[in-house]
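Being a predicted model, the structure only gives us computed values, none of them experimental. In each ligand, atom 1 is the first atom listed, and ligand 1 is the first ligand listed. Residue indices begin at 1 and follow the sequence shown.
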Amino acid sequence: MKIHEIIKNQGKSISFEFFPPKDLDGENRLVPVIKRLETLGPDFVSVTYGAGGSTGKNTVSLVERIQEGTSLTPMPHLTCIGQSYGDLKTILDHYKHLGIENVLALRGDLPQGTSDADFPEDCLTCAKDLVDLTATYQAFSIGVACYPEGHIEAPSLEKDLLFTKRKIDSGAHFAITQMFFENRFYYDFLNRAEKIGIHIPIIPGIMPILDIKRTGEFCRRCGTTIPNSLVARMEKASPEDAGLIGREFAIEQCADLIRQGVRCFHFYTMNQAETVIDILGSLSLGRQ
Ligand code: FAD
């Protein structure tokens with residue numbers, strides 16, 4: 001089923017994001033995790049795509065297993081930077097053939113050590129171009145990324161939002177946010193988006209922090225703020241206690257979003273089931 005229709009019909013959604021393991025053994029270990037999370041009745045699950053198409057085959061393989069072996073609705077991520085137009089079309093053709101109905105259209109980031117000179121000549125260089133291509137299929141509900149704190153390369157918050165609007169005007173049906181840990185960024189983004197005429201669902205991306213060092217490094221690279229007080233508490237705690245603090249923080253963050261009327265949640269699972277099960281259980285979200 002198409003994600004924007006699910007949201008329109010239900011007025012809410014729960015979704016989980018996975019990254020494709022490097023090899024078949026890893027995939028075989030992940031499938032039981034996905035099946036465990038399937039019992040919560042998510043409306044869709046998404047599968048990330050490696051930078052520059054580096055792990056594209058693994059994404060396709062996991063998406064096929066979810067589509068064929070579970071009751072879940074998979075949404076593959078697809079990035080365009082560094083990939084030829086023909087390769088992107090081949091992947092979209094394949095997804096259409098498989099009956100996949102949803103795609104998250106992204107620019108992506110080039111793998112380290114590559115430059116513009118390595119691009120194929122017909123490479124698409126921004127997500128909007130991939131939205132344009134994906135929309136020609138008339139087969140997919142198209143999602144795009146958005147950034148409550150602004151994308152790290154954007155010249156300003158205003159310009160970033162305008163570029164986001166262009167993706168929507170090209171045919172995106174919904175957006176999923178970069179992770180954020182201070183809800184004020186998300187509320188402010190919703191207000192600014194509304195003002196410039198963005199009316200599609202903007203689903204908050206929720207990352208329960210389990211490893212503050214790893215998440216902190218990622219957030220520094222992408223310009224996401226983690227409250228200093230949370231960093232300090234997690235750094236002082238044992239790994240086990242730090243996990244509990246991160247989980248508790250995510251529960252509080254979602255509870256605040258719920259109080260403000262938010263009904264759609266996308267969880268970055270880091271391929272682990274238990275944390276998300278606990279969080280949803282505490283919030284009485286998902287099938288209990
Ligand atoms: P775009 O929308 O193209 O924007 C990229 C930058 O270009 C922004 O700064 C924007 O302001 C600017 N821009 C856009 N249009 C123009 C223009 N016309 N002129 C000048 N500047 C412009 N990465 C992966 O590799 N694989 C994944 O699976 C993946 N999944 C993600 C899922 C979510 C929910 C999110 C939020 C991000 C994900 N990413 C993923 C990261 C994403 O690929 C990077 O953030 C990337 O740097 C930007 O991708 P985009 O699709 O937002 O690009």
Classify the contact between [X] and ligand 1 as side chain, backbone, both or neither, using a heavy-atom distance cut-off of under 4.0 Å.
X: Lys167; answer: side chain
X: Lys159; answer: neither
X: Phe19; answer: neither
X: Val144; answer: neither
X: Arg107; answer: both

Tell me which protein heavy atom sits closest to [atom], plus the residue, atom name and distance to 0.1 Å.
atom: atom 40 (C) of ligand 1; value: Leu106 CD1, 4.0 Å
atom: atom 6 (C) of ligand 1; value: His151 ND1, 3.6 Å
atom: atom 35 (C) of ligand 1; value: Ala145 CB, 3.6 Å

Checklist entry - Is the distance between the ring centroids of Tyr186 and Phe180 under 6.0 Å? => result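 Yes - the distance between ring centres of Tyr186 and Phe180 falls below the 6.0 Å cut-off.
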Item to check | Single hit among Glu252, Gln253, Gln260 for side-chain hydrogen bond (donor to acceptor under 3.5 Å, both in side chains) with Asn183 | outcome: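 That would be Gln253.
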Item to check | Over all atoms of both residues, closest heavy-atom pair of Leu62 and Phe19 | outcome: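 Scanning both residues, the minimum pair turns out to be CD2-O, 4.4 Å.
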Checklist entry - Which word best sums up how the rings of His266 and Phe44 line up, parallel for under 30°, tilted for 30 to 60°, or perpendicular for over 60°? => result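 Ring orientation, 0 to 90° scale: parallel.
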Checklist entry - Under 4.0 angstrom from ligand 1, any heavy atom of Thr125? => result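 Thr125: no contact with ligand 1 (<4.0 Å).
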Next on the checklist: Within the structure, is a non-hydrogen atom of Tyr147 found at a distance of less than 4.0 Å from ligand 1?
Outcome noted: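 Yes, that is the case, since the closest heavy atom of the residue is under 4.0 Å from the ligand.
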Checklist entry - Can you list the ligand 1 atoms lying under 4.0 Å from a non-hydrogen atom of Thr79? => result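 Listed by number with element, the hits are 24 (C), 25 (O), 26 (N).
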Checklist entry - Considering all protein heavy atoms, does one lie under 4.0 Å from atom 4 (O) of ligand 1? => result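 Under the 4.0 Å cut-off, atom 4 (O) of ligand 1 has no protein heavy-atom neighbours at all.
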Item to check | Main-chain N/O of Glu149 paired with Gln178 side-chain donor or acceptor, under 3.5 Å | outcome: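 Judged by distance alone, no pair lies under 3.5 Å.
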Checklist entry - Going through the checks in order, is the side chain to side chain contact (heavy atoms under 4.5 Å, CB included) test met by Asp43 and Ile3? => result CA-CA 8 Å; Asp43 299 290; Ile3 289 168; over 6 Å; no
Next on the checklist: Out of Thr164, Leu104, Asp129, who is nearest to atom 32 (C) of ligand 1 when you count heavy atoms only?
Outcome noted: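 Residue with the shortest heavy-atom distance to the ligand atom: Leu104.
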Item to check | Short N or O distance, Gln178 and ligand 1, threshold 3.5 Å exclusive | outcome: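 Among all N and O atoms of Gln178, none is under 3.5 Å from an N or O of ligand 1.
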